[in-house]
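First comes the structure, then the notes that go with it.
Note on naming: letters A, B, ... go to the chains in the order of the sequence lines (proteins, then strands), and numbering restarts at 1 for each one.
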Amino acid sequence: MVPWLLLALPLGATAAAGSDKLLGVHPSALAKYTPTKSNTWKCLDGSKEISWNAVNDDYCDCPDGSDEPGTSACPDSRFWCKNEGHIGAYIHSSRVGDGLCETECCDGSDERPGTCPNRCKEIGEAYRAKRDAELKIQKTGSKIRSTYIAFAHKERKRLEDLAASLEKDIVAKEKEVEKLREIAERTESLTQAALDHKRQSPLYQSLLNHNKALKSLKREYKKHADKEKQLGQILDSLRTGYNPNYQDMAVLEAVRGWEELAGLPHINDVKKDGEESSTPEPESEKTEEAVDDGLWTADELDSELDDLIGTDYTSLLLEHEDHINTPTEDSLLFKITSYIPDAWLPQYEAWKDNFVDWLEKLGIVSEESSGSSTEATRAQQALTEANAELAHMKREKTESESDVLKIFNPEHFGAEGEWKKLDDTCINHEVGDYTYELCFFKEAKQKPNKGGSNFSLGRFQSWNKDARPGSPEYYSKQVYQHGTRCWNGPERSVVVLLTCGVENTIYSVQELEKCEYQFKGTSPALCLPPGKEPQNHEEL
Amino acid sequence: MWARSVLGIVSLALVFHDALAFKEQDFKTCSQSGFCRRGRALSQRAQEAKSAWQSPYSVDPSTVSVATDKAVVQAGVKSSLYPEVNFGLEVRIQEDGAVRVRMDEVGGLRKRYDEAASWALISEPSISKNVKWVAGKKDLRATYGPNEVVVSYAPLQVTLYKNGKEQVVINGKGLLHMEHFRKKAEPAAAVEATPAAEGQEQTVIEAPENPRAWFEGADEDALWEETFNSWTDSKPKGPESLSVDITFPHHPVVYGIPQHATRLALPSTAGENPTFTDPYRLYNADVFEYLASSPVSLYGSIPLMHAHSEDSTVAVFDLVASETWIDVSHSTDRSTETHWISESGILDVFILPGPTPDDVFAQYAKLTGTPPMPALFGLGYHQCRWNYVSSEDVRTVQKRFDEENIPMDVLWLDIEYSVDHEYFMWNEKMFPDPVEMINDVAATGRKMVVIVDPHLKRDNNYPAFTAAQELGILVKPKSGEGEYEGWCWPGSSSWVDFFNPNAWDWWKSLFKPYQLEGGKWSWTKSTEDVHIWNDMNEPSVFNGPEITMPKDNVHYDGWEHRDVHNINGMLYSNATWQALAVRSDPPKRPFVLTRSFFAGSQRFGAMWTGDNLGTWEHMEVGVKMVLSNSIAGLSFAGSDVGGFFGNPEPEMLVRWYQVGAFAPFFRAHAHIDTKRREPYLLPSPYKEMVTDSLRLRYTLLPVWYTAFRETSVTGKPILRPQYTVFPKDRKGWEMDDQYYIGGSGLLVKPVTQKDVREAEVYLGEDEVYYGYFTGETYRGAVKGRTVSVPAALDQIPLLVRGGSVVPTRERPRRASGLMKYDPFTLKVALSKDEGARGELYLDDGETFGHQRGEYVWREFTAVKSGKKGLRVSSRDLGSARPAEAVEGASPALTSYDRENKYARTLEERDVRVEKVVVVGVKAKPKSVKLEEGGKELEWEWTPGVGSKEKKGGRAGVLVIKDPGVKITQDWDIVIL
């Protein structure tokens with residue numbers, strides 16, 4: 001801001017000299033615009049020597065256009081507007097003498113006298129007022145930004161603490177797993193032989209086959225259901241996005257057919273006289289499918305089939321045996337005493353008490369029903385679960401550790417961690433019939449306001465790849481890619497352009513190309529403390 | 001990863017090509033159209049019968065009546081097939097020598113449509129009072145100048161002779177057939193339906209042998225009802241088609257009958273080894289992704305055909321508004337036979353006697369008018385896309401052009417500006433501030449063009465629809481009751497019937513940008529800076545037969561759509577043109593772009609070649625199509641730069657901008673599914689190349705504007721293909737890839753092929769031409785010569801014909817209007833005889849002041865002076881030829897006031913000549929002086945070849961710096 005004030009001095013001096021030979025010359029180049037003793041002048045590129053009278057005579061003599069800084073005669077030269085009271089600026093020579101009073105040249109020096117009033121005072125004032133307002137926003141924003149940074153630090157602390165406490169838990173869990181493994185192995189060896197024999201039962205074998213069949217059916221069912229869903233999505237996007245320009249009645253019929261099938265209202269339909277916008281609700285009431293007695297409904301299939309498939313057949317086998325061998329006997333574990341030499345009994349009883357106690361603690365056997373013949377599998381199950389918990393803890397720990405690394409990584413949440421606060425923060429903007437949702441670092445979505453399916457516009461891919469990581473330009477752009485594919489078009493994607501603002505908002509959404517969106521928004525995370533921004537190379 | 005993405009591209013490309021396909025099955029071939037089938041079968045029978053064939057039509061000599069005061073003759077005509085039916089023939093000779101042949105059924109069951117002329121012609125042509133018809137025993141004769149018109153009685157035949165040589169023969173092949181109106185025969189099934197008395201003898205009716213079978217064929221073919229795909233045409237009037245053969249016995253080549261994607265010189269469709277197997281069809285249609293070489297009908301129709309030979313150019317203008325098929329064949333390599341088959345309407349054929357292409361242009365312009373002077377901005381660059389999505393988008397695009405210093409005059413909005421495709425009604429969510437947006441665009445001297453299509457959404461909250469409904473001016477379905485409903489962009493729609501006189505005033509009122517008295521709706525959210533694009537006016541109906549209206553729809557006065565189909569689109573742009581002209585006071589020149597057109601559409605603005613593809617083939621055929629339109633009167637034409645569909649590669653885009661910069665109408669447009677491709681988005685060096693083309697266009701605006709003046713007065717086309725400039729040079733007849741710009745002497749051959757870096761340009765005369773950019777000399781020859789011109793990607797093969805003075809403005813700015821006070825540069829290209837001539841026409845470019853004499857029209861000449869000297873002069877043409885300066889002046893101007901308002905403005909603003917460049921100066925001059933005042937001027941001479949030398953190489957160039965003369969002033973520069 002200071003340089004132009006400094007420049008005002010020498011400028012004033014030359015203006016007093018009042019030579020229009022210097023019109024449009026940048027102050028730093030004034031020295032180059034002096035005639036030789038023989039009243040000639042050399043083009044700045046040195047290519048030609050011309051009469052000093054030919055400078056600014058509205059005729060282009062120099063190949064580089066340097067002889068006409070103050071006219072439009074040379075096609076690609078520049079005109080310097082002093083703009084006293086505001087900031088000096090270059091304009092392209094094609095704008096000199098075009099009769100327009102552009103803001104960039106607020107002093108009107110590029111036009112015939114009397115064409116453009118000098119508006120630099122008001123434009124300068126407006127400019128400064130705007131700058132001040134922006135500065136205020138920047139200040140406020142930067143305060144918020146510092147809370148984001150503080151949050152990042154807290155978050156790092158939290159994550160580090162979490163990792164530490166997980167570390168402790170993991171050690172404990174590992175011990176527990178060790179014990180369970182021991183138990184499981186012992187029970188297993190006790191029962192393995194008997195169990196193997198029982199598993200030869202035709203009933204068991206048949207059950208296994210049934211299970212396989214169920215699993216296969218389920219897999220196929222899922223495949224079909226997925227396909228149907230995809231098909232539905234394709235048809236939905238066809239319905240909402242089809243291009244009537246193709247004038248293709250086949251497409252129109254497909255859309256109408258789908259609407260009928262899916263109970264959707266007609267899109268693009270014309271309201272007839274007095275008709276309210278048609279509401280599809282009454283039609284879309286689901287007609288209950290008649291189901292044969294005892295057969296499962298679709299909902300039941302969805303919710304209960306997995307349980308059925310997950311049945312522990314070994315336990316079932318044993319329960320089945322128990323059931324047909326009524327009355328009940330002591331379980332193997334308790335009956336084993338009959339095979340143990342008396343001398344060993346005391347040690348065995350002690351071990352058994354300890355063992356059963358463990359089993360009870362783990363909920364594998366209840367005190368009352370202790371003695372079922374499924375201890376082995378239950379022990380195995382307990383081990384599996386404990387192992388899973390352990391793995392989960394380890395994963396959580398790794399994640400916390402890697403999150404800690406991301407927080408202050410310039411390519412993730414910024415060198416100061418200023419973006420961490422926005423991780424998973426969602427903001428909305430409504431345009432026309434849609435609400436656009438942006439969940440930072442996650443996903444952008446298009447949600448129809450009048451109902452219908454959401455479209456993913458893409459998942460977070462990168463910051464501005466064209467800029468240096470860590471620079472403000474780097475954080476001024478986010479790219480979300482690989483959203484739902486458009487009918488007959490690309491996958492949806494979003495470029496989010498961000499500037500400093502006191503709020504996290506999106507203020508503009510435009511689909512500049514088919515299925516390629518541009519969001520414009522603000523975030524305090526971009527508000528650097530005034531004075532701390534990197535040097536602007538403003539031309540002054 | 002690499003492999004995958006390559007695969008991705010390949011499969012996308014496949015999908016793309018798959019999707020880009022002309023839907024053949026949507027449009028009829030001749031064999032799927034009953035009357036065309038009948039017409040072609042007739043021709044087939046005639047060919048088979050050979051010399052035994054004789055037309056059944058003859059003049060009844062007893063009915064011949066010759067007017068005494070003017071050159072009109074009337075006669076009754078009979079067909080031996082139907083002696084009870086009467087036809088009336090009238091042949092008129094117009095003041096300019098054109099012959100009009102009209103025939104209609106007289107006293108028939110119904111009336112044939114006879115109003116096409118009232119829409120296409122500017123006025124009833126004046127009939128000659130000097131030419132006299134002489135009735136003989138066998139014929140009627142009229143002789144004038146070298147011409148003689150003979151109407152032979154039996155069989156009926158009309159022949160134009162020139163110097164005793166047949167030029168045009170109507171019904172020479174005996175294919176004339178006007179199907180008369182008849183009653184539909186009761187179906188035979190009705191006999192069965194009536195309870196026949198028991199025991200009564202069943203009378204078997206032997207079908208008598210049809211005595212007309214030799215001519216009409218044995219079986220009735222689709223006379224009463226016709227089905228195509230799922231549509232049935234009820235044809236309530238029955239057969240009424242018209243077949244006529246027109247022969248040019250001494251003309252080997254024909255041009256015209258746009259619009260078809262084919263060569264300028266029309267390839268044959270009949271005879272031996274025809275190029276196309278179907279006739280050329282004229283039936284305005286919205287053809288999706290049309291083929292780059294095909295006789296299939298497209299968006300517009302001009303039934304005008306030039307026939308050309310070394311010593312004569314003639315034309316026929318078949319003024320019929322219904323679907324028409326035209327076969328072209330050559331029985332010898334010196335003749336052309338054509339066969340015109342129309343579905344309805346009277347016979348109304350104009351024979352334009354020429355004898356030169358320029359005469360034909362004038363004769364045709366006299367009938368259908370000339371293009372008026374366009375608003376200057378219309379000649380600038382138009383930036384369009386489907387769609388700029390918001391006012392923010394519009395402002396950003398404009399800003400980007402300015403940041404890159406790329407000139408642009410007009411920003412366009414396609415259909416998505418409107419809410420639910422209800423034209424005029426802004427989608428306020430995306431365009432919350434339309435008027436402010438328009439004003440922001442207009443602030444830099446630019447304009448906006450906004451689309452308004454002819455289909456109105458059937459929505460009771462849409463003021464345009466409800467008003468039209470209330471006025472009862474919507475097209476009716478075949479019942480004649482209610483409103484026809486069809487499907488277009490907004491869904492269910494109806495169409496305004498501009499044949500209804502009540503539609504016109506209402507349509508004009510809609511475009512008023514201010515509140516009307518009485519609270520009637522008008523487009524208050526627009527300004528005078530908004531101009532209009534009329535699309536889909538064929539009309540395009542998505543669910544109609546052949547993507548248009550059913551032929552049995554009913555228009556005003558009970559005419560069927562079939563009768564008026566081809567002029568329907570013209571009425572729409574005509575109405576819009578008038579609406580824009582009267583929306584302001586004083587009126588300003590409108591800009592209207594239309595897709596559909598007919599003969600006469602040149603009076604109502606510009607056209608473009610519709611939805612082309614972003615392929616090299618379409619770029620190439622686009623040039624030919626624009627040339628074809630040019631010679632058919634519709635000069636203000638262009639193709640979408642870049643191609644509507646697809647994503648052109650940078651090289652293609654660069655070449656396409658070069659093509660566009662040399663088309664009268666210069667617009668880039670793109671489909672909604674394409675990537676953005678505004679010039680500033682291109683990478684270097686392509687961006688700079690495109691920018692150069694755009695800047696070149698702007699520096700040459702004086703040339704374009706001057707060419708438009710000539711067209712507006714004479715009807716000579718803006719783009720002049722080789723045969724129109726050198727009619728005698730056989731080698732140029734088939735050329736349709738190089739052309740001259742008006743009378744400027746600029747000859748351009750745009751490159752329309754990939755990887756081409758050199759162009760072969762044909763010079764059809766013994767004259768020197770100069771490379772526009774290089775000053776390189778190219779010498780033609782008496783017998784013509786082909787020269788190689790460099791055509792690197794950044795080079796346009798552009799030559800200046802020796803003997804021309806080309807006025808330019810070398811300061812391209814953001815928009816054309818900002819250049820109005822800029823100085824001129826004159827490029828004087830000396831001929832081999834060391835002379836040159838050129839013109840410059842200027843006016844304010846926006847009002848109708850030119851019709852009141854507010855213009856400047858200059859002539860520049862260079863003539864030898866003394867032994868070695870040269871005199872370059874500027875003279876006033878307005879004073880010399882006031883009556884032929886501008887079109888549309890009423891009353892015609894008889895004098896010119898050099899101090900007129902416009903000329904004074906130029907003087908006050910000191911609009912001057914800043915530079916004179918004389919090309920082809922062999923020797924260094926001794927002195928260059930302005931004669932007025934005798935001052936020695938500053939000048940610079942670069943050695944090189946002289947204009948009259950035989951050798952090649954760079955021309956010697958004399959550059960005269962700022963001679964200190966105003967453009968409005970007479971001056972002389974003497975070079976010694």
Side-chain angles (χ1 to χ4, degrees), chain A residues 50-51 53-54 57-61 71-76 91-102 104 112 243-249 251-253 266-275 430-434 486 488-490 507-516 518 520, chain B residues 12 15 19 23 26 286 288 386 388-390 392-393 396 402 405 407 415 420-421 427 429-430 443-445 457-461 485 487-493 540 542-543 547 611 671-676 695 810-815 817-823 909 914-915 938 961-962:
Chain A
I50 60 171
S51 157
N53 293 331
D57 68 344
D58 205 12
Y59 182 89
C60 195
D61 293 281
T71 75
S72 60
C74 294
D76 274 311
I91 59 168
H92 192 271
S93 58
S94 69
R95 299 185 181 195
V96 177
D98 65 358
L100 297 184
C101 308
E102 53 263 281
E104 297 89 324
R112 283 160 27 105
N243 188 338
N245 189 41
Y246 289 111
Q247 307 169 11
D248 193 331
M249 295 313 287
V251 172
L252 195 65
E253 276 163 27
H266 279 355
I267 206 159
N268 289 338
D269 218 4
V270 184
K271 278 167 238 161
K272 291 273 172 4
D273 206 0
E275 225 178 54
E430 196 180 311
V431 184
D433 299 332
Y434 298 98
C486 278
N488 207 11
Y507 60 84
S508 150
V509 172
Q510 298 189 97
E511 188 183 353
L512 293 179
E513 283 168 18
K514 190 102 176 280
C515 305
E516 295 182 18
Q518 183 195 68
K520 286 186 183 170
Chain B
L12 261 181
V15 167
K23 290 195 171 177
D26 280 352
D286 180 0
F288 181 69
W386 179 22
Y388 293 117
V389 299
S390 62
E392 187 189 348
D393 195 6
T396 307
D402 285 350
N405 272 301
I415 55 175
D420 293 337
H421 298 140
N427 176 346
K429 284 171 179 154
M430 302 311 288
T444 35
K457 185 178 174 75
R458 297 184 59 83
D459 170 359
N460 291 323
N461 297 313
E485 277 187 57
W487 197 269
C488 207
W489 297 126
S492 177
S493 309
S540 176
F542 293 167
N543 62 341
I547 324 294
D611 298 345
H671 188 272
I672 197 165
D673 286 347
T674 61
K675 304 292 290 175
R676 293 223 171 187
R695 288 181 158 204
E810 300 288 332
R811 304 184 182 191
R813 297 184 185 268
R814 280 174 285 178
L818 305 179
M819 298 166 66
K820 61 185 171 185
Y821 301 127
D822 281 343
R909 294 300 303 264
E914 69 169 322
K915 193 196 265 190
E938 275 186 59
K961 174 176 173 175
D962 192 13

Considering only heavy atoms, which portion of [X] lies under 4.5 Å from any heavy atom of chain A: side chain, backbone, both, or neither?
| X | answer |
| --- | --- |
| B:Ala815 | neither |
| B:Pro823 | neither |
| B:Asp402 | both |
| B:Asp393 | both |

Mind ranking [options] by heavy-atom pairs under 4.5 Å with chain B and telling me who comes out on top?
| options | result |
| --- | --- |
| A:Pro75, A:Ala54, A:Ala73, A:Ser93 | A:Ala73 |
| A:Cys515, A:Ser508, A:Cys60 | A:Ser508 |
| A:Val431, A:Asp58, A:Asp57 | A:Asp58 |

Under 4.5 Å to a heavy atom of chain B? For A:Asp76 that would be side chain
Counting N and O atoms only, with roles assigned by atom type, does the side chain of [X] sit under 3.5 Å from a partner on the main chain of [Y], one being a donor and the other an acceptor?
| X | Y | result |
| --- | --- | --- |
| A:Asp98 | B:Leu818 | no |
| B:Arg676 | A:Leu512 | yes |
| B:Thr674 | B:Ile672 | no |

Most heavy-atom pairs under 4.5 Å with chain A, out of B:Arg909, B:Lys820, B:Met430, belong to B:Arg909
Pair count under 4.5 Å, heavy atoms only, with chain A: among B:Arg814, B:Glu810, B:Lys429, B:Glu914, highest is B:Arg814
With sequence neighbours left out, the residues meeting side-chain contact (heavy atoms from CB on, under 4.5 Å) with A:Glu104 are A:Ile91, A:Arg95, A:Glu102
Across all chains, not counting sequence neighbours, the side-chain contact (heavy atoms from CB on, under 4.5 Å) partners of A:Ser51 are A:Asn53
key: Salt bridge B:Lys961-A:Asp61, side-chain N to carboxylate O under 4.0 Å   = yes
Has B:Glu938 got more than 12 heavy atoms of other residues, nucleotides or ligands less than 6.0 Å from its CD?
no
